[in-house]
> 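Before anything else, here's the structure in question.
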Number of protein chains: 2
Amino acid sequence: MSVEFDRVLIEPAYRKVAAAIGERILSRALREGERLPPETELARQFGVNRSTVREALRELESRGLLRRRPGSKLMSVSRPQHSAIGQGVSHALLLHDVTVQHLWEALTILEPPLAAAAARARTTADLEALGGAIDACGAAAVDTAATVQRTAEVFRCTARAAHNPVLGLAQEPLLQLLEPSLRIMIDRVPQARSRIIAAHRRLLEAIEAQDEAAARDWMARHIRDFRRGYELAGIDLSLRLTA
Amino acid sequence: MSVEFDRVLIEPAYRKVAAAIGERILSRALREGERLPPETELARQFGVNRSTVREALRELESRGLLRRRPGSKLMSVSRPQHSAIGQGVSHALLLHDVTVQHLWEALTILEPPLAAAAARARTTADLEALGGAIDACGAAAVDTAATVQRTAEVFRCTARAAHNPVLGLAQEPLLQLLEPSLRIMIDRVPQARSRIIAAHRRLLEAIEAQDEAAARDWMARHIRDFRRGYELAGIDLSLRLTA
DNA sequence: TGTTGCCAGTTTGTCCGACAATCATACGAT
DNA sequence: ATCGTATGATTGTCGGACAAACTGGCAACA
């Protein structure tokens, strides 16, 4: 009866070029750090105009697959940085009407097991980095922006100690979303600062002792504390997050 | 002594244009679905060449902030689709040497609480969608690719039932990474298919009954089963994932 | 009435050619 | 050894061009 055809897909050349280069990077035929030929050469190889190549490069650049190393004109292959990926995801979440409640729930689920994994897998180098981050956070004193930044850094160090890039990358957008509201909270709730530092220290102790249960527990308390802070600060948890 | 200067940053025009439009979208000054002016008009407004505008558009397009609705030439504002974001993240993870073990660990952490949240927050509509996805998975019969696709869809429905976009988006890259290796596993381990279906049914029952503990538990078993399947299939868990 | 064909205007995809600014390199001067 | 300069390569940006695809309207036609 009803003869149905699929939409015939016409892919513009710039997307085909981007796909071709991207495929080479994903398959590791182009290795990290390797430099791409100049645009004119790429245009010659693909048989398209330089403008078309440039559009393709912009796409790969924004996916983090290519970047220009400082002080070099040629593009080089790179593995996407956590911060860039996290920014993409957090922007997406902002547009999907994420609330403080959503974010907090995700942190509650993700962070305690992540702390436990860190306690299990940490090396002494990880320990040192984490200790440094915690000290830096304490040293931020009254500078709220710095405190928040460095608290996020403590979480990042914890994830690094867990040696699981999946968890580390899953966490990144949460940290980026957390920052603005956390700044407000700390400004309004003076005691929050010291509670955060205290939680960090306990966490470090547990991770150092490779005590998974304790690490999980202190991280859980830490996250619960965030929620209490939000409530004390009078922040509506069902409010949409903003950039 | 050592006078240090920060690197002076020169931003090319195409990135400034992209940032300007992106900022408008993020701040919701441009609402979803709204159509962007034509490229020539944008070029006029920004005072740059159309080629420059196009490079900026490619960047926003690949971030999922803009897209062309089928059968329309003008770009329109869109919220990034989960699949697109997930693809970006999973590509990043592939380049960061993620192993099956890493992926499985992340699933172990994320999925059971997500199932519990679904049991708590599900509506009857969610239930219906989940039931449909599970039936579809069962109906895939011997078609491995379809089975895997539809298993992922069951997870997506579960996340949707949890009504937390953060969790849904965090899960997406994991599902995309899972597919290739899961296909291999199911092909090698015949009994895996029926175990998966059985787990789905138990999960649905628990979510329907709003039994959080049971939902968490069955999901945990489901994920554990994956691991057993990998071991039976002789897949080395410390092997790097590939596209 | 509803389909088809045609026309003009708009917009994108792609191309070409051009040029200033920046970077790498080598070479020569101090 | 440091500096200045010349040279060539490469990017960022520009202007203009044109075919293809889509839009909307209007006329022809069954």
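Reminder, nothing fancy here: chain letters follow the sequence lines and each chain counts from 1.
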> For C:dC15, does either OP1 or OP2 sit under 4.0 Å from a side-chain N or O belonging to A:Thr52?
yes
> I need the CD-C1' distance between A:Glu55 and C:dT12, as an integer number of Å.
10 Å
> Rounded to the nearest angstrom, tell me the gap between atom CG in B:Leu36 and atom C1' in C:dT10.
16 Å
> Nearest to the A:Asn49 side chain among D:dC14, C:dA18, C:dC15, which nucleotide is it?
C:dC15
> Taking atom types as they are modelled, would you say the side chain of B:Arg50 forms a donor-acceptor pair with the base of C:dT14 within the 3.5 Å cutoff?
yes
> Could you walk me through whether B:Ser78 and B:Arg69 pass the side-chain contact (heavy atoms from CB on, under 4.5 Å) check?
CA-CA 9 Å; B:Ser78 89; B:Arg69 267 188 304 204; over 6 Å; no
> Closest approach to the side chain of A:Leu74, judged atom by atom: which nucleotide of D:dG12, C:dT14, D:dT10 is it?
D:dT10
> Measure the distance from OH on A:Tyr14 to P on C:dC15 and round it to the nearest whole Å.
13 Å
> Please report, rounded to the nearest Å, how far the C1' atom of C:dT14 is from the CG atom of B:Leu57.
15 Å
> Do B:His102 and A:His163 have ring centroids that are under 6.0 Å from one another?
no
> Rounding to an integer number of Å, can you tell me how far B:Arg54 CZ sits from D:dG12 P?
17 Å
> Could you tell me if A:Glu41 and A:Gln45 have a donor-acceptor pair between their side chains, going purely by distance under 3.5 Å?
yes
> Is it true that the side chains of A:Glu172 and A:Gln87 contain a donor and an acceptor less than 3.5 Å apart?
no
> Tell me: CD of A:Glu41 to P of D:dA9, nearest whole Å?
13 Å
> Nearest whole Å is fine: how far is C:dT12 P from A:Arg15 CZ?
14 Å
> Pick the closest DNA chain D nucleotide for A:Ser51 and for A:Met75 by heavy atoms, then say which residue is nearer the 5' end.
A:Met75
> Is A:Glu39 paired with A:Arg44 through a side-chain N to carboxylate O contact shorter than 4.0 Å?
no
> In whole Å, what is the span from the CZ atom of A:Arg44 to the P atom of C:dC16?
14 Å
> Answer with yes or no whether the side chains of B:Thr52 and B:Asn49 bring together a donor and an acceptor at under 3.5 Å.
no
> Could you tell me whether B:Arg68 contacts a base, only the sugar-phosphate backbone, or nothing, with contacts defined as non-hydrogen atoms closer than 4.0 Å?
sugar-phosphate
> Would you tabulate the nitrogen or oxygen pairs shorter than 3.5 Å linking the protein to nucleotides 23-25 of chain C?
residue: C:dA24; atom: OP1; partner: A:Gly71; partner atom: O; Å: 2.8

> I want to verify a distance call: between C:dT12, C:dC15, D:dT11, whose nearest atom is closest to the A:Glu39 side chain?
D:dT11
> Mind checking the CD-OG1 spacing from A:Glu153 to A:Thr158? Nearest 0.5 Å is all I need.
10.0 Å
